[in-house]
Structure formats: C-alpha cells, structure tokens
Protein chains: 2
Amino acid sequence: MCEALLPMTTIRQIAREAGVSVGTVSNVLNDNDNVALATRERVQQVIQQHNYRPSNVARSLSTRRTGTLGLIVSNISNPFSSELARGAIETAQEAGHGLLVLGAAPDGLDLPTQVDTLVRQWVDGILITSEPLPDSRLSQLPCGDTPLVMMDYAQPPHRNVIGLINFDWEAAGYAATTHLLQLGHRRIGYIGGIADHPSSRWRAQGYHKALQEMAIPVDPMLECGGDFLAAGGYQVARALLALPNPPTAFVTANDLMALGALQAIAEGGLRTPNDLSLVGMDDIPYASFISPPLTTIHLPSYRAGQIGIQMLLEADRTHPTLQRIMLPTHLVERRSTAPVPKGFPRLRPDPSLPYKEGSD
Amino acid sequence: MCEALLPMTTIRQIAREAGVSVGTVSNVLNDNDNVALATRERVQQVIQQHNYRPSNVARSLSTRRTGTLGLIVSNISNPFSSELARGAIETAQEAGHGLLVLGAAPDGLDLPTQVDTLVRQWVDGILITSEPLPDSRLSQLPCGDTPLVMMDYAQPPHRNVIGLINFDWEAAGYAATTHLLQLGHRRIGYIGGIADHPSSRWRAQGYHKALQEMAIPVDPMLECGGDFLAAGGYQVARALLALPNPPTAFVTANDLMALGALQAIAEGGLRTPNDLSLVGMDDIPYASFISPPLTTIHLPSYRAGQIGIQMLLEADRTHPTLQRIMLPTHLVERRSTAPVPKGFPRLRPDPSLPYKEGSD
DNA sequence: CATTTGGTTTGAACCGGTTCAAATTAGCCT
DNA sequence: AGGCTAATTTGAACCGGTTCAAACCAAATG
C-alpha cells in the first residue's frame, strides 16, 4: 500500500507555526475560555491560512465519542422507511452528528452483523427499525455499551435498549376497520403484515376489536397475511375477490399493499370506491396522488425517525433509563372509501343494479 | 463529563492475557500469515472469551483509511433518491464499508458544510448526488484529498472528482417526446425541472430535438419550468390546461410532477389517457401501481448509486484518473399514453382542426 | 520586598490500534 | 556441537487529537 498521501496538516504543525503548544491549539479549537485573546487570534489565523480541519477520527479516539449515530433500516426504498430515514438524517445533522446508515439487503447482512459493524465504529447510539428478530437472538446482540433505540417492540429485547418507539398499531387497525363499518361495510377483507412482526399482530387486534364491537364474527377466510409489498397486496386482493362471497372493502396493513390491491380491483373490472372500498396504512407521501386518493391511516414516520435520534442524543449514559413512546395515528379520509353499495354482492354472474354513489 | 464507561477490552489486554505481544494480536486480527498456528489459536480463543471487537476508530487513525464512504443526497424521501441511496448502501455494505448519509434538509446545511463534515470524518470518498452548485463555489470545496464522484455534471467541477455519472437526459427527453409524437400528438406540454440544474437543460434539449425533427416549432407557452415536486407538477399542469389552446399531452421532467399533473388532469374532468396523454421520467417503483399505470422513462437509479460507490471503492488513490459513465435510459410504455383523440381540442370554445393521426 | 492569587501556557501521557526493524527461536545441515 | 537460514515474536514509534497537573508569569496584596 504505497499511498502517496500528501502530509495532512496536523495540530502539531499549527502549534509550531503559531508558536504555541498543541494543548493551546486544542483549547482554541474547542472554544475553551482559558486562552488569551491575542493568542487565540494568532492561532486562528494560522488555522485559516492552512485551511486546517481537525480530524474527527483522532478526536474520537481520545474522547471515546464519535458524534456519529447508526441507523439500521429494512428497506430504504419503501417510502415509509425513507420518510423515517429522512427524519433521522435531518435530526442527526441538525445536532451536528453524522449518521451511518445500514440497510438490510434482501440477501444482505443480518442484524447482528450490522450491529457489530456499528459498534466497532464506536457509534454513540443505534436506531434499529428493521424487522424484528426472535428475542432469543436479539438479547445477545454484542453491542458493548452502545445505547439502542428500537421500534415496534412491546418490551425491550436487550439490556442496552434506552428507548422504545411504537406506533399505535392497534388503534390504526381499529380506526381503519371502524371507518368501513360506519360506511355500512360488513364483509371487510384484511390484508395483513408479515406474521411474526409484533406490529402485524397489533394491527390485526385492532381489526378484531372493531368487528367485535359490532358483534360481527371474524371470518377467517377474509383475514390474510401479507408481505408489505405491492406485489403481495395484489396477490392477496385477487384471492379475496375470487371468493364466493367476496368482501366489499379491504383494510391493508400498509399502503404499498393497498397499491397492489387497487390494481387487483381495477383488473377485476371494479371501481374504487364505487364497488369496493379500501383503506391503507402509512400515509406514504404519494397516497394523495394516486387515483383514487387513498384513504389511509397516517403514521408519523418522519417523527419516528426524529424521536429515535433525539432519544439517542439525549441518552444519559451514566444512568440510562428506558424511554417509551407511543406515536398516535389517525385516519386520513380521501376517496378510496364510500358507503357499501346497495344490493351487493355483485361480483359474480349478476350484472345488475345501478349503485347509488357515495353520499358524503 | 463523568462517563462511567466500563473499561473496554483493548488489544493490549488480549495480548497480556494470551501471553503475546500486541503486534502478534494485530497480526492475528488481520489474518497475516506470519503467526504460528498454535499462537494464532490461543489468541483467537482469548478474543472469543472476551468477545473482543477491535476498534475501527483506532485502526482508522493509524491506517489513515476509515472504510467509510459518504453519500450526500438532496431529498431522501424522493423515491428516485431513495432508490439511488439503496444502491449505494447495499453496495457499500457488501464491500464491508459503512456509508455516512447526509441529506440536504430544505433549510439544511449547504454542500460545503456537508463535505467538510465528511472530510473531517476521514471518509474514504464521497458520492454527491444533490443539487448542483455554481461551479465557482464548487471548485473550492475544501475536501483535502478525498476523492469525489458527482452526478449530472458535464465537466468535473473540482480537481478531486474521480468519477462523473450521468443519465442520458437528452435521450430521455427525446424518447418521451418522440413517443407522444408517434401517437399523433402535436401540442405537447413540457413540465421541466429546476432551471439551473444542467440535467434540466439536457432534458429540455431532448424535447426540442424531437420536435425539431418533426419540424414542429417550439411553443414557448407550452414549455414550463418545475420544482420536481408533485405540488409543482399539479400547478403547472393546471396552468397549461387553462391555456386557450391547451396541449393534448404532457412530458414531465420527473414522475413526482407527473403525479401532480395526473391529479390536475382528473380535476379538470379529463381522463388519462383518453383525453390527455402523459409521460413521466424516473420510473419510480410505484409508477406501475398508480392509475393509470404511468408511461415513463426508466432511469437506472439503483444502478447509479451502485456505480458511484464502486467507483469510489476502486479509486486508485496513487494516480487517480477520471472515470465517466453515461447511463442509458429507456421508455417504459404503460397506460398513461394513447393516440391523440380525434376532434380535439375539446376543452375550450374553439372546436376546430382535425389533426392527422401519427402514422407509424 | 516577599507572598499570594489567578489567568495562561506547557508538555507529556493517553486513546487503541498498525507497522516494521530488530531480536529471538526453531529447524536443518555438515 | 556449531553454523546458517527461515520462521516467529517482540517492542517501541506512530497516527492526531484531548486532557490535566504542573510550571510560568504578571498583577495584586500584606
């Protein structure tokens, strides 16, 4: 490795040139108040001249803090995740911190490896938003004393966890379902998330709760799992529409699957919301631009990223305490939902009935 | 700052415990082949026991390479950028490198500050994909000897640039416009990008070229600037539709603006593509799921991120040479475009001129 | 004038690794 | 056993900052 690196200016060169000791230069750099004005100015001038930038690497080594945080995200091209990432990046940046972002490629590194990478970088904290792992593997993540903030866990799965962030998933499932019930829908298909995510269970619980309140039995045929991807939403929606007694509305566990469902509905020759209502979850930035504009549950994803970073920044490393936060969600009513059409079901043979349009 | 950090295990502790010198431990860690098998195993065992993870910070300080790259991206929640970011993250990760991501918040840090942050972190290279700056400011970015890869510049605006990545924007604008011309459209509205981005100019050049080939004069009323955001696309499309002699088709400089335009079209009581055709650019992952599925120009954004990182990884720091790459684009024909309707225009009073259909 | 006080400055130790010339050990041959 | 070579191992210097006890100096005080 014969690197022909030009010799970088160091604090000692500055010191020599300004005729002071390195300690003094260091004090100037850190705005310590024990430097005489004249000295400070002289040093600053030399720093200017050389365009000297102190090395954060060296600083990190001696202070044992890097001013860098880590973010582990499952799939950054999911708009939900990218909003979250934006919240994290901007918040870290405003606080003068860097953010090392690792994403789980489909066949990529697993969580323990990712955490290991970050820990060896001495990041000051890690925000983990990627898919949950079985608690048994999680609890022994080798993360030294690096504080962790995690999303979508009921209980901290590791002793380093200083923050837990949850969306109120159950309320989300409940609100979505209730909205449809109020519009008169009684057969509501549920396109859920990946089974072993706790958040998937919580969403489904909200769905159940809403049905129970109306004394509607849960039809297991109508409740499906999903993959959080548009392709999966499409598949599941097709299957549900092919049922002998198909639903008049869908709740999907995220907006991407709602997009897929929308496509399946259109391909079935049906219109949303006239023939079939649909409510998603996430409120991705494009939800209002698709056609019809998607009724969905808004999740404050940007805020989640922001709070996660804030928790890490404010973490008290001497006596850490666990912070919990439950982020509220709310229904955003757009135009993919309407009252249940009269005289349904209408999918099969019967080519009938002029439906009344949704009357507000 | 009374940090109660538990004393981290260091290479010296491992050395003492294994009864060897630190040099030997270092050799074991780096898989150097000058360690006797017995010694190596003994050391490795001690490492296991203590769950020792060598510090990358310390390593960076002595090797002067961090194994970390920097990515500066304008707005990570734009699906185009997030795809690019995913390419960059995954590629860096596969090579065992970290990626420090900085994003330009609307009111955020400016490029020189971001670069400075990364340079002080001693990142091994920086991929800059954010908005272009005037060359004058760029050329004096203080980036020591950190190699740079930049997107959407015709010429390297800084001496550290070792790679330039461009999409073939002109071909994109040309292909989009030609597609519409072939469908018989003659009045084609152009919703462009931000004026001082070179890429905006190139796209517009493609639009011009296509029109010129058909000997169609450019109507300055039909050619507008934009902001790359859905809201802007909506605004501009509305304005174009309100023209006395409105276009029968739109080309938009990115898909987000196409979404906005789609909304404006729908609100005008028109249907896409029956009444009005639309072609976007980017081919964001949701382009095929919106309704109608969007005809657009595919840009390999993931690939761009991937290549950018690869260039940095492979950069020869001893005698750097400039790499250039022009990424091809292609039309993805979906369902937002159709032959020009007979007997238009149909918006305003004047019900005139039967246009010849595009003969192909 | 001797002493105290307080603001400045210094210089060496330290952070946790890598590197490499020199020292040590092991192996082989005559 | 002695001599020679190759394989291991060592230990100190180094990377570029921070930190802090001690030294220094000037002004103020008794």
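Convention: sequence-line order gives letters A, B, ...; per-chain numbering from 1. Bear in mind the structure is a predicted one, so any value in this text is a computation, not a measurement. Reckoned from all heavy atoms, side chains included, excluding hydrogens, waters and symmetry mates.
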Acceptor/donor pairs from residues 23-30 of chain B side chains to any protein atom, 3.5 angstrom cut, sequence neighbours excluded:
{"residue": "B:Thr24", "atom": "OG1", "partner": "B:Ser21", "partner atom": "OG", "Å": "3.3"}
{"residue": "B:Ser26", "atom": "OG", "partner": "B:Asn30", "partner atom": "ND2", "Å": "3.4"}
{"residue": "B:Asn27", "atom": "OD1", "partner": "B:Asn32", "partner atom": "ND2", "Å": "2.8"}
{"residue": "B:Asn27", "atom": "ND2", "partner": "B:Gly23", "partner atom": "O", "Å": "3.4"}
{"residue": "B:Asn30", "atom": "OD1", "partner": "B:Arg59", "partner atom": "NH1", "Å": "3.0"}
{"residue": "B:Asn30", "atom": "ND2", "partner": "B:Ser26", "partner atom": "O", "Å": "2.9"}

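When rounded to the nearest whole Å, the span between CZ of B:Arg12 and C1' of C:dT19 equals 13 Å. Separating the CG atom of B:Asn32 from the P atom of D:dT9 is a distance of 13 Å, rounded to the nearest angstrom. Rounded to whole Å, atom C1' of D:dG17 lies 16 Å from atom CG of A:Asp31. Between the C1' atom of D:dG17 and the CZ atom of B:Arg64 lies a distance of 13 Å, rounded to the nearest Å. Atom CD1 of A:Ile11 is separated from atom C1' of D:dC14 by 16 Å (rounded to the nearest Å). Taking atom CZ on A:Arg65 and atom C1' on D:dT19, their separation rounds to 16 Å, with Å as the unit. The nearest whole Å value for the distance from the CG atom in A:Asn30 to the P atom in D:dT19 is 7 Å. The nearest whole Å value for the distance from the CD atom in A:Gln13 to the C1' atom in D:dG16 is 11 Å.
From one end of the helix from C:dC1-D:dG30 to C:dT30-D:dA1 to the other, with five pairs defining each end axis, the axis direction shifts by 60° (rounded to 10°).
The ring pair (Phe, Tyr, Trp, His ring centres under 6.0 Å) pairs that include a residue from residues 62-89 of chain A are A:Phe80-A:Phe167, where partners are two or more places apart or lie in different chains. Screening residues 15-40 of chain B for salt bridge (charged side-chain N to carboxylate O under 4.0 Å, His left out), with sequence neighbours left out, gives no hits.
B:Pro147 meets the side-chain contact (heavy atoms from CB on, under 4.5 Å) test with B:Ile162, B:Leu312, B:Arg317; sequence neighbours excluded. For B:Thr129, the side-chain contact (heavy atoms from CB on, under 4.5 Å) test picks out B:Leu71, B:Val73, B:Leu84, B:Leu127, B:Met151, with sequence neighbours left out. Partners of B:Gln155 according to the side chain to side chain donor-acceptor pair (under 3.5 Å) rule, which considers only residues two or more places apart in sequence or in another chain, are B:Arg324. A:Arg53 meets the side-chain contact (heavy atoms from CB on, under 4.5 Å) test with A:Asn51, B:Asp116, B:Arg120; sequence neighbours excluded. The side chain to side chain donor-acceptor pair (under 3.5 Å) test applied to A:Ser301 returns no partner, not counting sequence neighbours. A:Ser55 pairs by the side-chain contact (heavy atoms from CB on, under 4.5 Å) definition with A:Val57, A:Ala58, B:Trp122, not counting sequence neighbours.
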> How far apart are the C-alpha atoms of B:Gln114 and B:Thr117, what are their side-chain angles, what is the distance that settles it, and do they pass the side chain to side chain contact (heavy atoms under 4.5 Å, CB included) test?
Replying inline: CA-CA 5 Å; B:Gln114 294 175 319; B:Thr117 303; 5.5 Å; no

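Nucleic acid contact for A:Ser26: base, since at least one base atom lies under 4.0 Å from a heavy atom of the residue.
B:Arg120 has no side-chain polar atom (N or O) that falls below the 4.0 Å cut-off from OP1 or OP2 of D:dG17. Contact check, A:Ser62 against C:dC14: no side-chain N or O comes under 4.0 Å of OP1 or OP2.
Residues from residues 51-61 of chain B lying near DNA chain D, meaning a heavy-atom separation below 4.0 Å, are B:Leu61 in numerical order.
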Under 3.5 Å, N/O pairs linking protein and nucleotides 8-11 of chain C:
{"residue": "C:dT9", "atom": "OP1", "partner": "A:Thr39", "partner atom": "OG1", "Å": "2.5"}
{"residue": "C:dT9", "atom": "OP2", "partner": "A:Ala36", "partner atom": "N", "Å": "3.1"}
{"residue": "C:dT9", "atom": "OP2", "partner": "A:Thr39", "partner atom": "OG1", "Å": "3.4"}
{"residue": "C:dT10", "atom": "OP2", "partner": "A:Ser21", "partner atom": "N", "Å": "2.8"}
{"residue": "C:dT10", "atom": "OP2", "partner": "A:Ser21", "partner atom": "OG", "Å": "3.3"}
{"residue": "C:dT10", "atom": "OP2", "partner": "A:Thr24", "partner atom": "OG1", "Å": "3.2"}

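A side-chain N or O of B:Arg303 and one of B:Gln306 form a donor-acceptor pair less than 3.5 Å apart.
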